[in-house]
Amino acid sequence: MRIYNTKTRSKEEFVPLEAGHAKIYVCGPTVYNYFHLGNARPFITYDTLRRYLEYTGMTVTYVQNFTDIDDKMINKANDEGITIRELADRYIEAYFHDADRLNIRRATIHPRATESMDTIIWLVKTLEEKGYAYETGGGVYFDVAKMDDYGKLSRRNLEELAFGASDRVDSNEEKKNSFDFALWKKKKPGEPSWPSPWGEGRPGWHIECSAMIKQHLGDTIDIHGGGQDLVFPHHENEIAQSECANAKPFVRYWMHNGFINIDQEKMSKSTGNFFLVRDLAQNYDYMVLRFFMLSGHYRMPINFSAELLSAAENGWERIQTCLDNLEFIAQAAPAKPDGEEALAAAQQLGKAMAQFKQAFIDAMDDDLNTADALAAIFELVRASNSAAAVAGLDRETILAARKLLIELLDVLGLYQEKSDEIPEDVMKLVNDRTAAKKARDFERADNLRDQITDKGYAVVDTPQGPKVSKA
RNA sequence: GGCACCAUAGCCAAGAGGUAAGGCAGAGGUCUGCAAAACCUUUAUCUCCAGUUCGAUUCUGGAUGGUGCCUCCA
């Protein structure tokens, strides 16, 4: 597949370092709160990437961290009077609660920053020994001037940075250069700390990712993903730390997703214009949220509004209805196509399946074009619905179409097995209604349908008989 | 001020140098006791101006508008 590499600003054929095995790292959440829809975007995007790579036959080692130590963590824990560990545990559990329902598969490893302290210290020490870092009264800083190609990912150089941001960056007396960043922060009263060669303290933010990558994936990885806002300085600094310490190329393909916007503005915790996934889930199925997210290309911004979510909900239901209908009509379908029309329909659907499966793959191959991939799925839905309307279509063809739909949906993480048995009392009402209809007692039939609706089920009439489903 | 990105129908959203996928909403129709679903039909010269080209919405330059990053941030 081709991947847009932020490093080269172009799409490149993805070839993992080790044939057939991709090593991926994604910046995970700082666990001091529930995550909002904007936070969910990278989780869903790179989960979909992983699913697709696996679909193409690759093995994927997928690491997504939890940042469980930083200023926000400390402040929140202090506010609530609990330990940072307790805070982290609570929101990690909350992360999995929402992520599981969004069908985000668990990473191969979900490391916590605080569990990589040895590697963090090793990295800082190595950087110091190699002359890339210096110690001050407050901590240890990375000396950006010592690195020749600092800024290569975001395409900035120090002169530009210094000129442009001179009035925005608070000058820290201790730092040689205002863009030097903390590798290690010495302990302040009331803060948690770990022992180190520089005394008690805690790691800077950027070094955590460098350490977890080194520890779990090695010095060079294939893909590093994250939000566009992390390009500078976070990922730039990761490169600086890792390449200077390890003396090896760090990341081969950098991927960055766009934002979720509200009224053309980035959804963001600090500005307060955000929607927590768990709150949205009160009104929308988690799968609708995922569908909504995948309906645009991952690098483009997505505007958020209730209207757009409703539109997504309707589109999503179209796919679900198709799946339901196929399953239903398969029950009574003949083993072989019955009649010429059915035979033609079966052949046509077979052709469509091959065509749209290829279209799906082509779309995903092209830098994870999920919008186009969904278009292929919708084409397949229409072809299936059309064929299904032909009486006498054989069970094998129907089930093959359904299976393919599920296969493709599953690559996007948009398929969840559901098992809803229809309770006996509902079935009895359905049967009574069928009898009433047969007797042309429509008033009674409608009354029975209302009763079924009241029980939370829906019944619709089809040429194959009544179809019941959970409403 | 610096560095990027974006601009396609009522809304959302793909897209290739040769006259525009798909979804939602709308309109008409078929089917149906009704309803729902489904199916069929229908709705765009792609922000503007130059340039390259036989031909650009797709490439180049410029303009305008919008967003992001440069400070925690997905």
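Note on naming: letters A, B, ... go to the chains in the order of the sequence lines (proteins, then strands), and numbering restarts at 1 for each one.
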Remember a base hit wins even if backbone is also touched, and classify [X] as base, sugar-phosphate or nothing at under 4.0 Å, heavy atoms.
X      : answer
A/G38  : base
A/H256 : nothing
A/K266 : base
A/G225 : nothing
A/N325 : sugar-phosphate
A/N369 : sugar-phosphate
A/D324 : nothing
A/A375 : base
A/R433 : base

* Asked: Do A/F275 and A/F304 have ring centroids that are under 6.0 Å from one another?
  -> yes
* Does the ring centre of A/F96 sit less than 6.0 Å away from the ring centre of A/H110? -> yes
* Stacking of A/F442 on B/rG33 base (centres under 5.5 Å, planes under 30°) -> yes
For atom [atom1], what is the distance between [N] and [M], given to the nearest Å?
N      : M      : atom1 : value
B/rU57 : B/rA9  : P     : 15 Å
B/rC6  : B/rA44 : P     : 27 Å
B/rA74 : B/rG68 : P     : 16 Å
B/rG17 : B/rC49 : P     : 24 Å
B/rC3  : B/rA63 : P     : 14 Å
B/rG10 : B/rU53 : C1'   : 36 Å
B/rA7  : B/rC46 : C1'   : 10 Å
B/rU52 : B/rU42 : C1'   : 38 Å

* Asked: How would RNA chain B look in dot-bracket form, 5' to 3', counting Watson-Crick and G-U wobble pairs with both distances under 3.5 Å and writing | for bases paired to another strand?
  -> (((((((..(((.........))).(((((.......)))))....(((((.......))))))))))))....
Of the nucleotides [options], which one has an atom closest to the side chain of [X]?
X      : options                : value
A/N314 : B/rG68, B/rC24, B/rC34 : B/rC24
A/I260 : B/rA21, B/rA74, B/rC72 : B/rA74
A/R156 : B/rC40, B/rC69, B/rG23 : B/rC69
A/F259 : B/rA14, B/rA74, B/rA4  : B/rA74
A/K72  : B/rC72, B/rC39, B/rA74 : B/rC72
A/H36  : B/rC72, B/rG15, B/rA74 : B/rA74
A/A371 : B/rA36, B/rC40, B/rA14 : B/rA14
A/A311 : B/rA4, B/rC24, B/rA74  : B/rC24
A/E379 : B/rU67, B/rA38, B/rG22 : B/rG22
A/M300 : B/rC6, B/rA74, B/rG33  : B/rC6

Mind calculating the distance between [atom1] ([X]) and [atom2] ([N]) to the nearest angstrom?
X      : N      : atom1 : atom2 : result
A/I302 : B/rG23 : CD1   : C1'   : 14 Å
A/D362 : B/rG22 : CG    : P     : 17 Å
A/M287 : B/rG23 : CE    : P     : 21 Å
A/E265 : B/rG66 : CD    : P     : 12 Å
A/R41  : B/rU67 : CZ    : C1'   : 13 Å
A/F378 : B/rA38 : CZ    : C1'   : 14 Å
A/D450 : B/rA36 : CG    : P     : 14 Å
A/R382 : B/rC24 : CZ    : P     : 10 Å

Is the phosphate of [N] approached by [X] (side-chain N or O, under 4.0 Å from OP1 or OP2)?
X      : N      : value
A/N261 : B/rU67 : no
A/N39  : B/rA74 : yes
A/R318 : B/rC39 : yes

* Asked: For A/Y95, which residues count as a ring-ring contact (aromatic ring centres under 6.0 Å, His included) partner, sequence neighbours excluded?
  -> A/F35, A/F43, A/F66
* Asked: Where each residue is assigned the nucleotide of RNA chain B containing its nearest heavy atom, which of A/S154 and A/A40 is assigned the position nearer the 5′ end?
  -> A/S154
* **First encountered from the 5' end of RNA chain B, between A/R440 and A/V460** => A/R440
* Step by step, would you call A/H224 with A/Y253 a ring-ring contact (aromatic ring centres under 6.0 Å, His included)? -> CA-CA 6 Å; A/H224 188 137; A/Y253 302 84; over 10 Å; no
Measuring from atom [atom1] of [X] to atom [atom2] of [Y], what distance do you get when rounded to the nearest 0.5 angstrom?
X      : Y      : atom1 : atom2 : answer
A/E208 : A/R202 : CD    : CZ    : 9.0 Å
A/L217 : A/Y62  : CG    : OH    : 11.5 Å
A/M255 : A/H235 : CE    : NE2   : 12.5 Å

* Any chance the side chains of A/Y25 and A/N65 put a donor and an acceptor closer than 3.5 Å? -> yes
* Asked: Around atom CZ of A/R9, are there more than 12 heavy atoms of other residues, nucleotides or ligands at under 6.0 Å?
  -> yes
* Closest heavy-atom contact between A/M293 and A/I260? -> SD-CD1, 3.6 Å
* Taking all non-hydrogen atoms of both residues, which atom of A/P203 and which atom of A/I120 are closest, and how far apart? -> CB-CG2, 3.7 Å
Side chain of [X], base of [N]: donor and acceptor closer than 3.5 Å?
X      : N      : result
A/R299 : B/rC5  : no
A/D70  : B/rC72 : no
A/D372 : B/rG15 : no

* Any cation-pi pair here, A/K11 with A/Y4, using under 6.0 Å and within 45°? -> no
